Amino acid sequence: MKIKIAVNAASGKMGQQVINQVTTHQQAQLNAAFCRPNHRLIGRQVGYTDVNYSSDVSTGLESSDVVIDFSLPEGTFGLLEKAVTTKTPVIIGTTGFNDEETARIKKAGETVPVLLAPNTSIGVNSALALLAKAAKMLGKQADIEIIESHHKHKVDAPSGTAIRMGQAIAEAMGENFDDLKVTDSRFEKRTRKKGEIGMSVIRAGEIIGEHKVLFALDNEIISIEHKAQNRHCFAEGAVAAAVWVAAQKPGFYTMQDFLADS
Ligand SMILES: NC(=O)c1ccc[n+]([C@@H]2O[C@H](COP(=O)([O-])OP(=O)(O)OC[C@H]3O[C@@H](n4cnc5c(N)ncnc54)[C@H](OP(=O)(O)O)[C@@H]3O)[C@@H](O)[C@H]2O)c1
């Protein structure tokens, strides 16, 4: 039996990638594709499937095994409220949540399985493990800088992935990321402080997503870098994680939970 997948924000760049991935996946089938009410796609057929784009989220969720969301925080919470009612497992790839919003997402995990992933690519999640290892070995001596680049349309900064990388580094060093993180503006009046984790942001053109972490010692630099070549890497990881989360008990999950179990 194939896992029946619903796609939220189906009109978006990631929504379209996820639909392509679901329709070619051996263990999954597209069951619903949600757009905002009055969107020009509503009522149209999704590719060569027997699914039409719809804004009737509750009905679509009721017949689906899992829903994948890449939207904006407002879109995620509109979906999450309904998914809690229909008890439909959720993958959230949307980024830009503040601490209070993240706590609300975790709370939903008490009722349904919820996997929150600021980056669903297998490569980035492997890079997180490498960063934790590097941080354990070098973190106390090195100057650590995280540099991320994305397309000019992105509305949140630093990226969810850059923040997750910083958290992984800080956790490995036994520190709290919020105590160490600083942005480019720090250099307006001072030089670099020992121990801080610098965050730099580039927004330009149509860059899909690039993250580079420097561990700079006085005489040498170690860097760990990930470059998304296209959006397919995010869709691939999201659908694989969706197939997994559809079979989980209610709870709050990350890509690390999925990867550790697969
Ligand atoms: N986790 C990852 O690996 C990963 C990878 C790439 C991107 N992302 C994140 O995924 C999100 C979407 O990225 P994208 O590149 O696909 O953006 P996009 O092309 O701008 O698409 C955004 C989608 O969200 C919908 N939307 C916006 N506000 C909404 C609302 N209030 N209610 C319901 N739907 C709403 C839009 O609908 P309309 O068409 O009606 O405007 C559109 O379908 C961003 O947060 C991005 O940072 C995550």
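Just so we're clear, the structure is a prediction, and the values are computed from it rather than from any experiment. As a basis for the values below, the full set of heavy atoms in this structure was taken, side chains included, without hydrogen atoms, waters or symmetry mates. One is the number of the first residue; the rest follow in order along the sequence. Atoms within each ligand, like the ligands themselves, are counted from 1 in listed order.
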Novice: If the condition is side chain to side chain contact (heavy atoms under 4.5 Å, CB included), which residues does Asp261 pass it with, not counting sequence neighbours?
Specialist: Trp244, Gln248
Novice: Tell me who clusters with Ile105, hydrophobic residues only, linked when side chains sit under 4.5 Å apart either directly or through other members.
Specialist: Phe34, Val57, Leu61, Val67, Phe77, Leu79, Leu80, Val84, Val90, Ile92, Phe97, Val112, Val114, Leu116, Phe252
Novice: Can you name the residues that form a side chain to side chain contact (heavy atoms under 4.5 Å, CB included) with Asp156, not counting sequence neighbours?
Specialist: Thr95, Lys154
Novice: Kindly indicate, with the supporting measurements, whether the criterion side chain to side chain donor-acceptor pair (under 3.5 Å) is fulfilled by His25 and Glu236.
Specialist: CA-CA 9 Å; His25 197 281; Glu236 203 173 36; over 6 Å; no
Novice: Checking salt bridge (Lys or Arg N to Asp or Glu O under 4.0 Å) for the pair Lys212/Glu145: CA distance, chi angles, key distance, verdict?
Specialist: CA-CA 8 Å; Lys212 183 172 188 173; Glu145 291 286 317; over 6 Å; no
Novice: Let me see the working for His39 and Arg44 under side chain to side chain contact (heavy atoms under 4.5 Å, CB included), right down to the final yes or no.
Specialist: CA-CA 10 Å; His39 196 281; Arg44 289 218 209 155; over 6 Å; no
Novice: Give the protein residues with at least one non-hydrogen atom closer than 4.0 Å to an atom of ligand 1, ordered by chain and number.
Specialist: Ala9, Ser11, Gly12, Lys13, Met14, Arg36, His39, Phe70, Ser71, Leu72, Glu74, Gly75, Gly93, Thr94, Thr95, Ala117, Pro118, Asn119, Thr120, Lys154, Phe234
